[in-house]
Amino acid sequence: MTSPSTFLLLIAISLLLFSKPSLTIFVSINCGSSKSFIDENNIKWSGDYDYIQNGAPQEVYLGSSPLSTLRLFTTRKKNCYSIKVPRGEKVLARASFYYGNYDNKFSPPIFDLQFDGNYWASVNTSSIYYVDYEAIYVTKGNFTSICVAQTKDNQFPFISSLEVRSLDPKMYSHVDSNHALILQWRYAFGGNQTIRYPEDIFDRIWTPAYGILLSEVKSEESSIDVSTSEDQPPKSALQNAIVSSSTNSYIEFINRLPKDEQPVYINAYFSEVMESAFGKRSIQMYIDDKPFLSPIVPPLGSVKEVYITNITASANTSFVLRASDSSTFPPILNALEVFTITDAFNAGTDSRDVKGLLELQFAFEELVDWSGDPCLPYPYTWDWIQCTSDAKPRVTALYLSGYELQGTLPDFSSMTALETIDLHNNTIEGPIPNFLGLLPNLKTLNLSYNRFNGSIPASLVNKNIEIDTINNCLTGMKCEPLKDSPSKQTAPISEDEPNIIDSSTLPGFSSGDGSVKNNKLKKFFILAMQALLPMVFMKYM
């Protein structure tokens, strides 16, 4: 009969083996698909219809999930996915792209990748293989936005998959939180298997790697304690290593950094693989032939992590490991991560303009699915606004002609930098708001071909503003019959519940025919825009 203590021990072991880590964010989006599935790593992938409306799904016939579909964007300067996150969360974001000749043109495009209004990378896709890009950063709001932006004529951006994972806040802490780490490569040396979740609970991808004229060696230790490393590498990444042939030979990193000098962040991991070498192997690192830090003595059964920060490097920089003068064993290396560090984050669009744009999105459902930073990075603004190029840009124009807007005009008086407002050729009704005449910089106001009624407010009379109000229902005008609007198609909504937000308290959206369009995606975009503001507008909650 099993004793109570043995029974409790078995329960504890089962929990350790089979429990999924409690991570705040673990989102995997299969772009261009409406279906969910669980892959061979026990990662659940969701379709992207709960995250985005624009774009067209495409199939990649030679791809395997999640790279068997993609979402193509042939309209808008940029298109964004917005994902709910806690403010101040440290996250790993990974975007993957597999062209796979889906269009039978053998012409893989080049376009930009952005996050939270900041430049991330220039995506150079391939007809043959997939490419992915990874960034580690601290979120500034309650949403993080990942965007693709067209940079070349007739080269349309797309995305195959998008992943966002929470990290421990103590990880990768040797860089200011106003900068991001952009992964260049991450290697686990000496092994032959790619390592990711569940072996790495944070789902970093460790690529197996070898060395030229170097040997691979497996650790004699059955278990390795990684608690001594603040970046928590998976144990499996440390169970193998590369080693040079003698104390006179060295290990040199194959450097694929950009040609220009950039600030870098490098983590090198060392764990002794031989009991007989414990305490006898000592490694000196050199950067451009100069000793870096003191000699490294790899521990047995645990890990020594070496951080290389506060330096700049390029493709011409040399990183070498040699046996120190006192070492009787050659140098080894178990794992390596290399990042470049971005410039400081953009300040974001002025909150007064974000507030006004949010009011417009609440009023007109046609605008709801625009997300990401409205103005940044410059010049990738939303298509219907114009912004200044300042560090904290202002919105100077609204170009909403022909957007099929229906309803009354909301109060966006906070947008005090507006010079041009073009709302013609819509179905906006109600009185012309008085605040329009109080906007201090307004020069052009086009309200023609709408359904405004009443009289022109006194604030707009005798002002040096070019105003066009023809074809409305104003006092003294003949109100033209309302023409039928063309029907609009909407993307199907996935049967799966969105796994990132509960927005049941947000208001519904009424269309011109009185039908209620209160789906979670529209609410989601409103919340994503709210996250750009320094405070939550309680009147909407």
Side-chain angles (χ1 to χ4, degrees), residues 349-368 370 374-375 381-382 384-388 390 392-483 485 507 509-512 514 526 529-530 533-535 537-540:
T349 298
D350 191 287
S351 61
R352 291 169 290 180
D353 295 322
V354 173
K355 178 180 183 295
L357 294 171
L358 181 61
E359 297 283 358
L360 288 164
Q361 289 185 303
F362 264 107
F364 303 117
E365 64 169 293
E366 293 79 7
L367 306 180
V368 166
W370 292 82
C375 294
T381 65
W382 291 357
W384 46 276
I385 66 175
Q386 180 175 302
C387 303
T388 65
D390 302 330
K392 196 172 189 66
R394 296 300 310 269
V395 176
T396 58
L398 298 175
Y399 296 112
L400 285 166
S401 170
Y403 270 72
E404 300 183 16
L405 307 182
Q406 301 180 51
T408 59
L409 205 59
D411 182 353
F412 52 91
S413 56
S414 61
M415 302 180 71
T416 54
L418 282 173
E419 299 174 6
T420 300
I421 299 175
D422 184 358
L423 300 173
H424 84 277
N425 196 24
N426 286 291
T427 317
I428 304 173
E429 57 191 5
I432 297 175
N434 186 66
F435 77 83
L436 293 175
L438 302 178
L439 292 172
N441 296 292
L442 189 63
K443 299 175 182 176
T444 303
L445 177 62
N446 191 343
L447 304 177
S448 62
Y449 294 90
N450 277 286
R451 308 284 291 179
F452 287 107
N453 56 38
S455 58
I456 295 176
S459 65
L460 284 169
V461 177
N462 298 323
K463 285 290 188 74
N464 190 24
I465 299 174
E466 182 184 342
I467 304 175
D468 189 347
T469 59
I470 65 169
N471 280 74
N472 273 281
C473 300
L474 297 171
T475 302
M477 287 185 178
K478 181 181 179 182
C479 195
E480 297 293 334
L482 189 63
K483 296 180 180 179
S485 298
F509 300 91
S510 295
S511 64
I526 291 293
M529 270 298 292
Q530 254 186 4
L533 293 168
M535 63 180 66
F537 290 97
M538 297 304 294
K539 64 180 179 179
Y540 297 135

Check your understanding: Is it true that atom NZ of Lys463 has more than 12 heavy atoms of other residues, nucleotides or ligands lying nearer than 6.0 Å?
Key -> yes

Point to revise | Between Asn434 and Ser459: side-chain donor-acceptor atoms closer than 3.5 Å | key: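 Yes, side-chain donor-acceptor contact under 3.5 Å.
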
Enter the distance from [X]:[atom1] to [Y]:[atom2] here, rounded to the nearest 0.5 Å.
X      : Y      : atom1 : atom2 : answer
Gln406 : Thr427 : CD    : OG1   : 5.0 Å
Asp350 : Arg394 : CG    : CZ    : 4.0 Å
Leu442 : Thr396 : CG    : OG1   : 11.5 Å

**Study point:** Evaluation steps, side chain to side chain contact (heavy atoms under 4.5 Å, CB included), between Val395 and Trp382
**Key:** CA-CA 10 Å; Val395 176; Trp382 291 357; over 6 Å; no

Exercise for review: Report the C-alpha distance between Glu429 and Thr408 in whole Å, list the side-chain angles of each, state the deciding distance to 0.1 Å, and finish with yes or no for side chain to side chain contact (heavy atoms under 4.5 Å, CB included).
Suggested key: CA-CA 5 Å; Glu429 57 191 5; Thr408 59; 4.2 Å; yes

**Study point:** side-chain hydrogen bond (donor to acceptor under 3.5 Å, both in side chains) partners of residues 465-474, not counting sequence neighbours, each pair once
**Key:** none

Practice item. Go through Leu398 and Phe412 one step at a time and tell me if the side chain to side chain contact (heavy atoms under 4.5 Å, CB included) criterion holds. Key: CA-CA 11 Å; Leu398 298 175; Phe412 52 91; 3.9 Å; yes

Check your understanding: Taking the side chain from Asp353 and the backbone from Ser351, do they hold a donor-acceptor pair closer than 3.5 Å?
Key ->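 No, Asp353 side chain to Ser351 backbone: no donor-acceptor pair under 3.5 Å.
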
Practice item. May I ask you to test the Pro457-Phe435 pair for a side-chain heavy-atom distance under 4.5 Å? Key: no

Practice item. Determine whether Leu439 and Ile421 make a side-chain contact, defined as any pair of heavy atoms from C-beta on separated by less than 4.5 Å. Key: yes

